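Reviewing the structure listed below.
On a predicted model such as this, the values are computed, not experimentally measured, just so you know. Only this structure's heavy atoms are used, side chains among them; waters, hydrogens and symmetry mates stay out.
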Amino acid sequence: MQRTETLPVGIVVERRDSSHPWQDHAWLPVAVIPGAPPADPSGPWKKLREGEGWEQYLAGTLAIEVHRTDTAAYLDCLSADPPRVFVVLQEDLEGEHDVTPFLATVSTYEAQDYADAGENIVEGVPMPESMIAWLRAFIDAHHVEEPFRKRRLRRSTEGDESAKPRYGRGSGWSEGHEF
């Protein structure tokens, strides 16, 4: 039984004109194409469609990798309405475009880590039905429900120096401050 599986997805990004005074356009991922052929995200992009004030490009192919130990994150992803694939775009000031697709994931936890970093564009795009079926089959094969275990609190004993909180210099607390 495989512990991981991968699925190549084409990344569709959109360049949309902006009325912001400091930015004339914005890039956002708008879709993924499961099973797309290999294409380097830092290579040339293929224009798919355009309209007044916007253009969509196939910006390369990334592999979504799922691990049997992360099924709880995938279940969280599937519980959204609709389920989403999270695409991370990194700034690329030297390339033809301002951004480069960096990561595609179906883990809400991993997407949140990249969003928290604040240096990337992280957006969820609707997950195609074929990917939902693929992800459900992986979860069904690997998910193990973890039983809830209540942690026991350690009881401190009065006068036990090891049980008192310790604060180092520069912590804002004066020496000898009692709680």
Side-chain angles (χ1 to χ4, degrees), residues 1-18 20 22-50 54-144 146:
M1 186 181 310
Q2 287 185 331
R3 297 171 188 241
T4 64
E5 286 185 25
T6 59
L7 176 68
V9 292
I11 307 299
V12 180
V13 296
E14 183 174 281
R15 182 190 185 274
R16 187 165 288 277
D17 291 346
S18 172
H20 193 280
W22 299 330
Q23 185 178 2
D24 63 347
H25 64 275
W27 289 98
L28 284 176
V30 293
V32 294
I33 303 169
D40 184 2
S42 59
W45 291 4
K46 179 181 179 184
K47 187 182 287 190
L48 300 174
R49 304 182 323 161
E50 65 182 309
W54 62 273
E55 300 171 334
Q56 288 184 352
Y57 296 88
L58 179 57
T61 303
L62 296 173
I64 291 182
E65 190 170 289
V66 291
H67 304 269
R68 71 179 186 153
T69 57
D70 295 335
T71 55
Y74 310 144
L75 282 169
D76 189 47
C77 183
L78 289 178
S79 71
D81 187 24
R84 299 201 171 273
V85 176
F86 297 94
V87 178
V88 179
L89 303 179
Q90 288 188 330
E91 189 175 303
D92 182 9
L93 299 177
E94 296 181 18
E96 182 180 344
H97 308 284
D98 300 335
V99 295
T100 300
F102 173 71
L103 176 78
T105 183
V106 291
S107 168
T108 53
Y109 307 158
E110 187 175 23
Q112 187 63 50
D113 288 344
Y114 280 96
D116 288 347
E119 298 173 3
N120 306 297
I121 297 169
V122 181
E123 288 291 327
V125 302
M127 187 182 297
E129 288 295 324
S130 62
M131 284 188 68
I132 292 172
W134 170 75
L135 189 56
R136 282 192 200 280
F138 184 83
I139 292 168
D140 289 347
H142 298 284
H143 184 68
V144 176
E146 292 290 326

Practice prompt. Return the minimal non-hydrogen interatomic distance between Gln90 and Phe102, and the atom names on each side.
Written response: OE1-CD1, 3.4 Å
Worksheet item: side chain to side chain contact (heavy atoms under 4.5 Å, CB included) between Glu50 and Leu48: does it pass, once the steps are laid out?
Response: CA-CA 7 Å; Glu50 65 182 309; Leu48 300 174; over 6 Å; no
Worksheet entry | Between CD on residue Glu55 and NE2 on residue His25, distance to nearest 0.5 Å | 9.5 Å
Item to complete: Kindly compute the distance separating CZ (Phe86) from CD1 (Ile64), expressed to the nearest 0.5 Å.
Response: 11.0 Å
Response to the item:
Correct closest heavy-atom pair for Val13 and Ala59 would be CG2-CB, 3.8 Å
Discussion item. If the test is side chain to side chain contact (heavy atoms under 4.5 Å, CB included), which one of Val106, Val12, Val9 qualifies with Val32?
Written reply: Val9
Worksheet item: When you look at Val66 and His142, which way does the side chain to side chain contact (heavy atoms under 4.5 Å, CB included) test go after all the steps?
Response: CA-CA 11 Å; Val66 291; His142 298 284; over 6 Å; no
Worksheet item: How many angstroms lie between CZ in Arg84 and OG1 in Thr108, if you round to the nearest 0.5 Å?
Response: 13.0 Å
Worksheet item: Is the backbone N or O of Pro44 less than 3.5 Å from a side-chain atom of Tyr57, with the two atoms forming a donor-acceptor pair by type?
Response: no
Worksheet item: If you take all heavy atoms of Pro101 and Leu62, which pair is closest and at what distance?
Response: CB-CD1, 3.9 Å
Response to the item:
Residues Glu5 and Trp134: closest non-hydrogen pair is OE1-NE1, 3.1 Å
Worksheet entry | From Leu103 atom CG to Tyr114 atom OH, the distance as rounded to the nearest 0.5 Å | 5.0 Å
Worksheet item: Side-chain contact, heavy-atom cut-off 4.5 Å: Pro29 with Ile121?
Response: yes
Discussion item. Does Asp70 form a salt bridge (charged side-chain N to carboxylate O under 4.0 Å, His left out) with Arg68? I'd like the steps, not just the answer.
Written reply: CA-CA 6 Å; Asp70 295 335; Arg68 71 179 186 153; over 6 Å; no
Worksheet item: Between Ala36 and Gly10, what is the shortest heavy-atom contact and its length?
Response: CB-N, 3.3 Å
Discussion item. I need the minimum non-hydrogen distance between Trp27 and His97, along with the two atoms involved.
Written reply: CH2-ND1, 3.7 Å
Discussion item. To the closest 0.5 Å, what do you measure between CE (Met131) and CG (Leu78)?
Written reply: 9.5 Å
Worksheet item: What distance separates Asp40 CG from Thr100 OG1, expressed to the nearest 0.5 Å?
Response: 9.0 Å
